[in-house]
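Down below is the structure, laid out as structure tokens.
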Protein chains: 2
Amino acid sequence: MSEEKKEENSFTDSQQHLDEETLFVVSQTFKALSDPTRIRILNLLCTGEHSVNEIAETLNLGQSTVSHQLRFLKNLRLVKYRRAGSTLFYSEDDHHVMNLLKQAINHATHH
Amino acid sequence: MSEEKKEENSFTDSQQHLDEETLFVVSQTFKALSDPTRIRILNLLCTGEHSVNEIAETLNLGQSTVSHQLRFLKNLRLVKYRRAGSTLFYSEDDHHVMNLLKQAINHATHH
DNA sequence: CGTATATATGAGCATATGTTCATATATTGT
DNA sequence: ACAATATATGAACATATGCTCATATATACG
């Protein structure tokens, strides 16, 4: 019975007016999470860092597709990478956004 | 210093594989929150129920635009409405998704 | 019943989005 | 320097998205 409670009122109520910039940032953040491919990539990165090819093979996606999406996520600073030779290991870089994703996934599956 | 803590680990870690349906539901949910107009509408509905025209006038949007977006949000069960004569009063209908929105807004503004 | 008001709907249009293909760049090993 | 491997990039394309305009529906009121 406390299952529902713990995700409520974690924050003070939102404000009346949203300025342009806030609106842009918030919408961009959610846009990043609104595509199945990006969700799969971010969900995979929850398990730790992975190279571009690993991601592509694991999720059965084209190398170009993964690279494009990673650039998208990198621009929003949702992921970062570490270089090891010619291989780039990507990992998550925004725990807050990852938390939003986890909440949504949990809500979608556990209900 | 506990500012960052309270939004972390509200849930057990996400699972390894996401099925088609979960992927669809989650992406649709975030898509709903990825548009500035819909964000403004939902943010306004945080303050209680409002009619279509009230929303349009308050947010300076066309009546048709608001109606279309409300249909979109209604299909996803994020909003509901109550009829009073020829006026329809819309209000929020998914506290979990509203909570995701509030978190994102708070994060965008307080940082 | 006719008019006014509130909301919904569909077509059309411009723009955004995501994937694929081909190719470029970069790093490693020989 | 050359070949192999890993990743990035840009153009092209099909589809999705969001707004506007015109019009339809629905309710209330005289």
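Just so it is clear: chains get the letters A, B, ... in the order the sequence lines come, proteins before strands, and each one is counted from 1.
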Matching residue for B/Q69 among B/D35, B/L61, B/V79 - test: side-chain contact (heavy atoms from CB on, under 4.5 Å): B/D35

A/T37, A/N43, A/L44 screened by side-chain contact (heavy atoms from CB on, under 4.5 Å) with A/L59, the one that passes: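 Among A/T37, A/N43, A/L44, the one meeting side-chain contact (heavy atoms from CB on, under 4.5 Å) with A/L59 is A/L44.
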
Which nucleotide in D/dG18, D/dA11, D/dT17 has an atom nearest any side-chain atom of B/K31: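 When the side chain of B/K31 is considered, D/dT17 is the closest of D/dG18, D/dA11, D/dT17.
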
Distance, rounded to the nearest Å, where [X] contributes [atom1] and [N] contributes [atom2]:
X: B/L61; N: D/dG18; atom1: CG; atom2: C1'; answer: 12 Å
X: A/H68; N: D/dC13; atom1: NE2; atom2: P; answer: 16 Å
X: B/Q63; N: D/dT25; atom1: CD; atom2: P; answer: 15 Å
X: B/F30; N: D/dA16; atom1: CZ; atom2: P; answer: 21 Å
X: A/E57; N: D/dA6; atom1: CD; atom2: C1'; answer: 11 Å
X: B/N75; N: D/dA16; atom1: CG; atom2: C1'; answer: 16 Å

Shortest non-hydrogen contact between B/Y90 and B/V52, atoms and distance: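 Smallest heavy-atom distance, with atoms named: CE1-CG2, 3.6 Å.
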
Nearest heavy atoms of A/S91 and A/E49, plus distance in Å: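 Looks like CB-CB, 3.9 Å.
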
So does [X] have more than 12 non-hydrogen atoms from other groups sitting under 6.0 Å from [atom1]?
X: A/D19; atom1: CG; result: yes
X: B/F72; atom1: CZ; result: yes
X: A/F89; atom1: CZ; result: yes

Candidate pair A/L70 and A/I41, rule side-chain contact (heavy atoms from CB on, under 4.5 Å), full reasoning: CA-CA 8 Å; A/L70 284 173; A/I41 291 175; 4.0 Å; yes

Proximity to DNA chain C (any heavy atom under 4.0 Å), residues of residues 77-87 of chain A only: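 Hits under 4.0 Å, by residue number: A/R83, A/G85, A/S86.
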
Contact nearer the 5' end of DNA chain C, comparing A/Q28 with A/S64: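 Counting from the 5' end, the first nearest nucleotide belongs to A/Q28.
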
Nearest-nucleotide 5' precedence on DNA chain C, A/D35 against B/E54: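 Closer to the 5' end of DNA chain C: B/E54.
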
Sugar-phosphate, base or nothing in reach of B/Q69, heavy atoms under 4.0 Å: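 Contact class for B/Q69: sugar-phosphate only.
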
Under 4.0 angstrom between A/S67 side-chain N/O and D/dT9 OP1 or OP2: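 For D/dT9, OP1/OP2 do not have a side-chain N/O of A/S67 under 4.0 Å.
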
Terminal contacting nucleotides, 5' and 3', DNA chain C versus chain A (heavy atom, 4.0 Å): C/dT17 to C/dT28

Side chain to side chain, A/L78 and A/T29, heavy atoms closer than 4.5 Å: no

